[in-house]
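In what follows, a structure is listed as structure tokens, so that the remarks can point back to it.
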Amino acid sequence: MKKNVIPKEGVYYIYSIYQQILPELLVRDLTKLFYDIEMPLIPCLYRMEKRGIKIDIQFFKQLTKELEKEIFSLQKEIYQLSGIVFNLNSPKQLAEVLFDRLKLPIPKGKERSTASEVLIELLPYSPIIEKILRYRELNKVLTTYLKPFPEMCDENQRLHTYFDQTKTSTGRLASLSPNLQNIPVRGELGQKIRKGFISEEGYLLISADYSQIELRILAHITEDENLIDVFLQDKDIHTTTAAKIFKVKEEEVKEDMRRFAKMVNYGLIYGMSDYGLAESLRLKKEEAKEFMENYLNSFPKVKEWREEVIRKAKEEGYTKTLFGRPRYFPALLSPNKTLYEQAKRQAINAPIQGSAADIIKKAMVEVDRKLIENRFNIGLILTIHDELLFEIEKERIEEAKEIIKETMENIYPLKVPLKVNIGIGKNWQEAHS
DNA sequence: GCGATCACG
DNA sequence: ACGTACGTGATCGCC
């Protein structure tokens, strides 16, 4: 969609569309969602789009040069090792080189894929693999972010995204042209790129992110005593889960056990099966099954809730978030088992992901309003699902920080506290706490 | 225009 | 026996 352009004819239809929609809103009990969240959000999103975020164009161009150099030499090495020049960006051609020409084994169940997850398993078989993985990483970042962004800036070196309020099935926002919700953050390269997103002279960026908002919402919705307890005591949820699924004391939880537990916790929100858990953690199916059982026994209401939400979705045809946002699941009646199972997982996930979206949207409207009321110069500039990014004049940082944290944490009281981490810096890397 | 891939939450 | 973790957007090759 072309941004900032409303077709002239479209304006005349808005009132008649409103007249058609109003009875529907009433029937489906959506007036609160519409008037309290989505409508007030529109001017807030408009201001964010208009403000944009500043990037350091020189920094982007310099990094582009460096990456192009490394990519060129990687390319040369890869052609040398394979003994043929081909299009590295073509998965089809790459598969031919790896599996036919170099006769590398195809990991079972993976079927000639060249996805990084498969390539990692091939690392021991040829020195070409690590070079391909590095090439992929660099080329991705180069073509998706580093090269296009300087071209997309306005005269003040600011990038303006476009938020689509109607696109997702869960109630989240979508960010496009450019998407500023998938800027790299992981690894050294990600951290480096985030240094290129900067504040204006005399300003600083404030990043405020909800800590584990989806798991807190899970605790609230399921009313599971053990899960609620973890958050009331402000304990580390992943460590607690690790202790329960490994059946050890919390003091005995090691780093990799915590990492496993983190995947189990999020897997649960996504409706993951024991098989899926085994896949992603490279476990034996029996082990994964045991972890799942240990988890569900430790948090019994979570298990009950998962069953209940599916039963209700089948009966009524939809799920609802905390603010009544529905998502419909026609596939729960599908004879196609794949579609049916997928719909079940989506039905578990939608109320959680969607409720988090409801809450952050309400917080956005309220924080934006307060910052304007208090005459801050810029304010809210980005939302990345559970993080809000602000640009604030240096002299008033502490004042803004208080307003932001207080508003976000108290916007909608749950049975567990909402916790917000705040970071401040002259670039996004520094601010992202 | 779609599938594969991979960036994020 | 089956198929197997939710939600997105951008880029590229290929038909």
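Chain letters run A, B, ... following the sequence lines, proteins first, then strands; residues in each count from 1.
- Remark: the separation of the C1' atoms in B:dA7 and C:dC2 is 32 Å, to the nearest Å.
- As the counterpart of B:dC8, C:dG7 is assigned, both hydrogen-bonding distances of the Watson-Crick or G-U wobble pattern falling under 3.5 Å.
- The number of heavy atoms from other shown groups lying within 6.0 Å of CD (A:Gln80) does not exceed 12.
- The stretch residues 75-107 of chain A does not touch DNA chain B, since none of its heavy atoms comes less than 4.0 Å from the strand.
- Near-neighbour residues of DNA chain B inside residues 120-143 of chain A, defined by a heavy atom below 4.0 Å, number-ordered: A:Arg136, A:Lys140.
- For the pair A:Arg327 and C:dG7, the criterion of a side-chain N or O lying under 4.0 Å from OP1 or OP2 is met.
- OP1 or OP2 of C:dG9 has at least one side-chain nitrogen or oxygen of A:Lys167 nearer than 4.0 Å.
- No salt bridge links A:Glu290 with A:Lys284; every basic N to acidic carboxylate O contact stays at or beyond 4.0 Å.
- Not one side-chain nitrogen or oxygen of A:Ser273 sits closer than 4.0 Å to the OP1 or OP2 atom of C:dG3.
- Rounded to whole Å, the C1' atom of C:dA1 lies 32 Å from the corresponding atom of B:dC6.
- Put simply, A:Arg345 has no side-chain N or O that comes within less than 4.0 Å of OP1 or OP2 on C:dT4.
- For A:Gln353 and A:Thr170, the side-chain atoms include at least one donor-acceptor pair closer than 3.5 Å.
- Residue A:Gln346 has a polar side-chain atom (N or O) positioned under 4.0 Å from OP1 or OP2 of C:dG7.
- Taking the six-membered ring where tryptophan is involved, the planes of A:Phe60 and A:Phe197 are perpendicular, since the angle between them exceeds 60° and thus also 30°.
- Counted by atom type alone, A:Asp358 and A:Thr321 present one or more donor-acceptor pairs between their side chains at under 3.5 Å.
- For the segment residues 187-198 of chain A, no residue has any heavy atom less than 4.0 angstrom from an atom of DNA chain C.
- The separation of C:dG3 from B:dA4, taken at their P atoms, amounts to 16 Å, rounded to a whole angstrom.
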